[in-house]
Amino acid sequence: MIEAGAAHATLLSIVHGRCFAPGWDETEMAALLAMPGTFALVAPDDEPAGFVLARQAADEAEIVILCVLPEARGAGLGRRLLDSTIDRLRADGAASLFLEVARNNMAALRLYEGFGFVQVGLRPRYYGDAVDALVLRLNL
Ligand SMILES: CC(C)(COP(=O)(O)OP(=O)(O)OC[C@H]1O[C@@H](n2cnc3c(N)ncnc32)[C@H](O)[C@@H]1OP(=O)(O)O)[C@@H](O)C(=O)NCCC(=O)NCCS
């Protein structure tokens with residue numbers, strides 16, 4: 001697993017674009033990476049197939065993006081990325097980690113529940129017409 005820098009903005013936008021529609025282009029990805037308190041982890045080292053982008057401010061942190069290429073899913077990469085993010089945030093003094101997830105995203109919900117995330121909020125129709133976002137929190 002490596003930490004992504006500005007030079008990885010194109011790679012991150014390609015992976016993101018294969019996981020979400022519409023994806024974010026490399027300019028948007030570079031802007032995200034440049035935000036204070038933001039870091040991204042990419043894995044595996046040899047042939048990147050997924051990444052996490054997180055942001056920390058004081059003792060609160062947020063997962064902005066977590067995604068794994070469709071062909072690489074179900075092999076533990078999402079869990080590994082989340083594990084490393086949590087370790088890093090704990091080491092950096094974060095006390096809680098938040099994220100938003102679509103209510104119908106069962107794969108992501110199972111992953112987060114497995115880590116002990118609990119629902120602390122609801123954003124109705126956050127992802128368009130019919131899909132609510134759940135706000136989840138993990139005490140670190
Ligand atoms: C969510 C996502 C990151 C999971 O990545 P992954 O590498 O496939 O996940 P892992 O293989 O590490 O699986 C870890 C756990 O997640 C859950 N999970 C993963 N895929 C699942 C699926 N298709 N159905 C149900 N649970 C699933 C399981 O609890 C799994 O643990 P298990 O293997 O012991 O059952 C991936 O599906 C993805 O990129 N989805 C599209 C983007 C996205 O939705 N990101 C999250 C937005 S909030």
Side-chain angles (χ1 to χ4, degrees):
M1 193 164 304
I2 54 163
E3 177 149 4
H8 294 89
T10 304
L11 169 69
L12 299 194
S13 73
I14 290 169
V15 174
H16 189 263
R18 294 202 47 227
C19 295
F20 297 98
W24 294 339
D25 67 25
E26 60 187 279
T27 309
E28 293 168 299
M29 213 49 88
L32 271 179
L33 284 167
M35 288 180 68
T38 300
F39 67 90
L41 304 174
V42 182
D45 296 3
D46 51 346
E47 201 175 338
F51 73 94
V52 60
L53 190 146
R55 182 157 63 200
Q56 181 180 357
D59 66 351
E60 283 195 0
E62 175 191 14
I63 303 256
V64 182
I65 306 170
L66 170 65
C67 59
V68 171
L69 289 174
E71 62 270 25
R73 289 177 193 164
L77 185 53
R79 179 184 286 124
R80 215 147 60 74
L81 287 163
L82 197 47
D83 236 346
S84 297
T85 303
I86 288 168
D87 284 351
R88 156 108 179 224
L89 289 169
R90 282 188 177 132
D92 288 349
S96 45
L97 175 59
F98 292 84
L99 57 85
E100 278 147 4
V101 57
R103 171 173 244 157
N104 59 3
N105 188 343
M106 294 319 295
L109 280 169
R110 286 273 165 74
L111 172 66
Y112 298 138
E113 280 164 14
F115 275 83
F117 279 86
V118 293
Q119 186 185 337
V120 292
L122 172 72
R123 301 196 203 286
R125 294 176 295 285
Y126 186 77
Y127 296 106
D129 287 351
V131 186
D132 300 336
L134 306 183
V135 182
L136 307 187
R137 184 188 67 214
L138 177 69
N139 293 325
L140 295 172

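Just so it is clear, the model here is predicted, and its values are computed rather than measured. We count ligands from 1, going down the list as the structure has it; atoms in each ligand are counted the same way.
- Not one N or O on the side chain of Glu60 forms a donor-acceptor pair closer than 3.5 Å with the backbone of Ala57.
- Under 4.0 Å from any atom of ligand 1, one finds heavy atoms of residues Phe20, Leu66, Cys67, Val68, Arg73, Gly74, Ala75, Gly76, Leu77, Gly78, Arg79, Glu100, Val101, Asn105, Ala107, Ala108, Arg110, Leu111, Tyr112.
- Judged by distance alone, with hydrogens and angles left aside, the side-chain atoms of Thr85 form a donor-acceptor pair with the main-chain N or O of Leu81 at under 3.5 Å.
- Of all non-hydrogen atoms in Asp59 and Gly93, the two that sit nearest each other are CB-O, 3.7 Å.
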**OP:** Starting from the C-alpha separation in whole Å, work towards a yes-or-no answer on side-chain contact (heavy atoms from CB on, under 4.5 Å) for Asp83 and Phe115.
**Re:** CA-CA 9 Å; Asp83 236 346; Phe115 275 83; 3.7 Å; yes
Distance-only criterion, 3.5 Å: show the donor-acceptor pairs between side-chain atoms of residues 64-79 and protein atoms not counting sequence neighbours.
residue, atom, partner, partner atom, Å
Glu71, OE1, Arg18, NH2, 3.0
Glu71, OE2, Arg18, NH1, 3.0
Arg73, NE, Val68, O, 2.7
Arg73, NH2, Val68, O, 3.0

**OP:** Kindly determine whether Arg137 and Asn139 satisfy side-chain contact (heavy atoms from CB on, under 4.5 Å), including the steps that lead there.
**Re:** CA-CA 7 Å; Arg137 184 188 67 214; Asn139 293 325; 3.3 Å; yes
